[in-house]
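First the structure, in the form of structure tokens, and then the observations on it.
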Amino acid sequence: MKKLQFYPHIRGGICFSTLLAATLIFIFSGCKNPSSESWEEPVRDYFDKYTNTAAIEKHEIDSEITKDKFGTTCIPSDGDQTVTFYLRNPRNYTLDMTFNGPGGCVGPIQDTEDKSVVRITYPQSVLFANEAGGSIGGTITVKEHETQREFDPYSFSLKCNTPPPSVAGQAVLVSPSNSQNYFVCFYLPTTELSELSHSPDTHSIIIEGPNGQTFGPGTVTELTALSQSRPSDLAQLTAGGSFSGSASGYTAFYYDTERTMVEGENLSWNIYLRDSGGLTSRKMTASTIVRPANMTVSGETLLTTNDGETTAILTASVDDGTVSTWAWQSDNADIVTVTPTNNRTTTITAVAGGETTINVTAKLTDGRIVTVTKTIRVLDINIDASSPHDFIKGQADVALSTTKPDFATLSCQSGDEGIATVNASGQVTAVAKGSTTITASASYGGKTVSKTHTIYVHEVTISGENEIFVNGSTLSLTANVDSPEGSGTLSGISYSWTSSDIEKATIDTTGTVTAVAGGSTTITLNVTHNSQTTTVATQNIKVYQLSISGGTLYQKTSGTYTLYASLKSGITPYSGTDITYSWTSSIGATATINSTTGVMSTVSGGSTVITLYAKRGSTTVAYTTKKIYVVAVSGLTTFVKGEEPRALTATPASIEGCTFSWAIAPNNTSASANASN
């Protein structure tokens with residue numbers, strides 16, 4: 001098959017100066033008298049022809065062509081076909097043309113840009129109507145549009161005839177029940193032969209070999225009927241070609257060669273179709289001995305999802321024999337796709353990371369089938385959308401969700417390790433407030449694929465006072481989120497508070513601290529985020545307790561006593577100067593106390609509660625109380641010797657936790673006392 005081209009041609013007309021020089025040299029070389037009319041007429045005619053007339057000089061056919069048994073050029077009907085004609089058109093004439101070929105053609109049409117080109121297009125419907133050798137050539141008449149001057153017509157011969165399709169699956173088998181005869185088997189392409197491009201024609205099956213035979217000619221049905229019956233015990237020869245007995249679009253054909261099998265005999269039969277016009281299909285060979293065919297596949301086996309690395313060309317080569325058909329297939333099109341092609345090369349395209357195999361099957365013209373697989377790897381990495389973007393300072397080993405092929409090595413890198421660090425497996429530790437980019441990379445075979453993930457580190461701090469007073473107001477601590485620029489609102493976060501010493505102070509879920517006893521405790525703030533609880537901040541709290549120094553029992557007769565205020569955190573006194581104290585007595589009839597100095601004066605026997613207030617300005621920050629007792633003895637103080645005993649009375653009569661006893665002062669013999677007095 002070749003592209004058809006007729007006659008030498010110079011587009012746009014003949015090169016005038018070259019022709020003129022050559023013509024004059026030729027004419028004058030044979031003339032002795034230039035003034036004679038014997039040379040003027042040929043020159044005048046020549047110049048007139050090549051400067052004043054137009055004519056079609058040749059034509060070309062772009063499609064594949066064949067010659068039938070009569071030597072006529074044939075074009076197929078596998079689509080619309082165009083014939084291009086080239087003119088000698090020295091004056092760029094606009095031409096009127098008619099074509100006396102088959103009806104339904106488009107043209108002749110002169111090209112508007114290049115008036116030396118004319119085209120006739122044969123629609124496929126016209127070709128179908130003239131299949132099987134119908135003449136579609138003819139004559140084009142040419143006229144100058146303005147003057148209607150006629151130029152030389154142009155005739156050409158052309159037929160429409162599509163070569164027959166090839167048989168397939170050819171193999172030599174043997175039938176033990178038929179005297180061990182060889183059977184040549186193949187698939188007759190009945191469906192394709194029934195199509196419009198072939199059905200108008202008659203065909204013959206040619207089997208060339210030791211017992212060469214021609215079947216037909218006839219229609220597809222007639223040719224099918226000529227097949228031998230399939231023997232029930234038909235079997236493949238050792239290492240023979242494959243033949244299953246059925247194929248979509250084909251009819252199995254069996255030919256009894258009537259030749260008895262001889263072990264190791266190397267015979268072959270060529271099989272092809274020929275139509276009534278003499279066009280033939282490609283010859284397919286079936287052999288008794290089929291050598292194993294070896295196939296190799298070359299090309300890049302590692303693709304990536306990086307630009308420029310997503311595709312590769314695979315090329316298959318068979319070391320022995322001619323391949324009739326190729327088939328490529330990917331075992332997993334979700335990883336790699338294959339461009340369908342009946343060719344020894346194909347393009348594979350990466351879809352996603354992973355590993356799969358590409359299968360290529362070659363069917364040889366002698367019936368052999370060879371299949372090779374090629375492992376293809378696609379290097380890719382993904383950071384799952386569920387991977388966190390927001391982190392809390394102090395969080396450690398929070399994993400990013402990355403996926404990569406098993407064969408690849410993962411590595412991760414932080415754009416700013418002062419903000420966050422990341423280990424090789426993608427676990428992030430938040431170091432300081434800010435934002436940075438985490439780059440996850442998968443590497444294999446000298447190639448690397450990377451994806452980036454921006455993270456934001458938020459800092460959580462505690463605000464509030466760091467001291468509290470027993471019997472004072474509560475202390476409120478607050479968790480504050482300091483977010484980096486560019487981040488959104490931090491969501492999915494919860495807080496919990498703990499006190500290191502609940503005997504000194506407690507804290508509830510809202511951050512409210514309540515003092516219990518003097519001393520100190522550490523308040524810890526924990527944040528739960530990204531399914532992880534992290535200690536993010538601590539605050540040391542000093543708990544100050546107010547107390548009154550001095551005893552609890554006082555004598556009425558002793559006069560005044562000074563009580564002292566003590567404000568301490570454990571053993572550490574309050575060091576500030578902003579605290580003032582004030583004192584009160586609940587029962588002034590028992591004892592009074594100076595509100596600023598703490599000097600207490602006893603009044604009468606009994607008990608009273610002394611209250612001490614610690615104030616910052618006019619605000620009481622803490623208070624404490626102390627119950628004291630003033631003991632007084634009442635009764636006669638003068639006695640006559642010999643009188644009956646007289647009773648003395650103590651007030652208060654009893655004091656919780658105390659017992660009373662009476663005694664005479666030492667060395668005093670003038671009186672005695674008993675326990676009941």
Side-chain angles (χ1 to χ4, degrees), residues 304-307 309 350 352-355 377-463 477-498 500 509 511 522-539:
T304 78
T305 53
N306 291 333
D307 291 342
E309 297 177 347
E355 180 178 309
R377 293 184 173 92
V378 177
L379 183 61
D380 189 20
I381 190 167
N382 285 296
I383 302 176
D384 194 273
S386 63
S387 293
H389 288 275
D390 295 297
F391 292 77
I392 304 297
K393 176 184 174 181
Q395 283 187 312
D397 300 330
V398 179
L400 299 180
S401 179
T402 60
T403 55
K404 65 168 185 61
D406 292 340
F407 58 78
T409 300
L410 175 67
S411 62
C412 297
Q413 186 174 8
S414 171
D416 187 343
E417 293 192 345
I419 302 298
T421 61
V422 62
N423 64 14
S425 62
Q427 292 181 312
V428 176
T429 296
V431 177
K433 186 191 80 170
S435 63
T436 187
T437 298
I438 302 298
T439 301
S441 301
S443 301
Y444 180 79
K447 295 184 178 181
T448 299
V449 174
S450 300
K451 295 288 174 61
T452 59
H453 186 77
T454 300
I455 67 168
Y456 300 91
V457 178
H458 306 256
E459 184 173 5
V460 179
T461 57
I462 299 174
S463 63
L477 298 181
T478 303
N480 303 290
V481 178
D482 188 8
S483 298
E485 184 178 352
S487 68
T489 301
L490 186 63
S491 59
I493 185 171
S494 61
Y495 303 101
S496 62
W497 303 83
T498 59
S500 63
T509 57
T522 299
I523 301 299
T524 299
L525 173 59
N526 299 302
V527 173
T528 300
H529 184 251
N530 294 332
S531 302
Q532 185 185 82
T533 299
T534 304
T535 298
V536 295
T538 59
Q539 185 153 315

Of the non-hydrogen atoms in [X] and [Y], which two are nearest, and what is the gap between them?
{"X": "F391", "Y": "A430", "result": "CB-CB, 4.0 Å"}
{"X": "G486", "Y": "Y456", "result": "O-OH, 3.6 Å"}
{"X": "L379", "Y": "A442", "result": "CD2-O, 3.5 Å"}
{"X": "S435", "Y": "P484", "result": "N-CB, 4.3 Å"}
{"X": "A396", "Y": "Q532", "result": "O-NE2, 2.8 Å"}

Backbone of [Y] reached by a side-chain donor or acceptor of [X] within 3.5 Å:
{"X": "H389", "Y": "T454", "answer": "yes"}
{"X": "K451", "Y": "I381", "answer": "yes"}
{"X": "H453", "Y": "A385", "answer": "no"}
{"X": "N382", "Y": "D384", "answer": "no"}
{"X": "T436", "Y": "D416", "answer": "yes"}
{"X": "N423", "Y": "S425", "answer": "yes"}

OH of Y495 to OG1 of T478, rounded to nearest 0.5 Å, is 10.5 Å
After noting the C-alpha distance and the side-chain angles of I392 and I493, does the key distance pass the side chain to side chain contact (heavy atoms under 4.5 Å, CB included) rule? CA-CA 10 Å; I392 304 297; I493 185 171; 3.9 Å; yes
Using side-chain heavy atoms (C-beta onward) and a distance below 4.5 Å, is P388 in contact with L400? yes
If the test is side chain to side chain donor-acceptor pair (under 3.5 Å), which one of T305, N306, T403 qualifies with D380? T305
Does Q413, at its CD atom, have more than 12 non-hydrogen atoms belonging to other residues, nucleotides or ligands within less than 6.0 Å? no
Got a salt bridge between K393 and E459, using NZ or NE/NH1/NH2 to carboxylate O under 4.0 Å? yes
Show, in sequence, the C-alpha distance, side-chain angles and deciding distance for T439 and T452, and conclude whether the side-chain hydrogen bond (donor to acceptor under 3.5 Å, both in side chains) test is met. CA-CA 4 Å; T439 301; T452 59; 5.9 Å; no
Can you confirm whether the side chains of H529 and D390 place a donor and an acceptor under 3.5 Å from each other?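 Short answer, no.
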Assess the residue pair N480 and V460 against the criterion (side chain to side chain contact (heavy atoms under 4.5 Å, CB included)); give the C-alpha distance rounded to whole Å, side-chain angles, the decisive distance to 0.1 Å, and a yes or no. CA-CA 5 Å; N480 303 290; V460 179; over 6 Å; no
Start with the C-alpha gap between S387 and S401, add the side-chain angles, then the distance that decides, and say whether side-chain hydrogen bond (donor to acceptor under 3.5 Å, both in side chains) holds. CA-CA 5 Å; S387 293; S401 179; 4.6 Å; no
Please determine whether side chain to side chain contact (heavy atoms under 4.5 Å, CB included) holds for the pair T524 and W497, giving the CA-CA distance in whole Å, both sets of side-chain angles, and the decisive distance to 0.1 Å. CA-CA 6 Å; T524 299; W497 303 83; over 6 Å; no
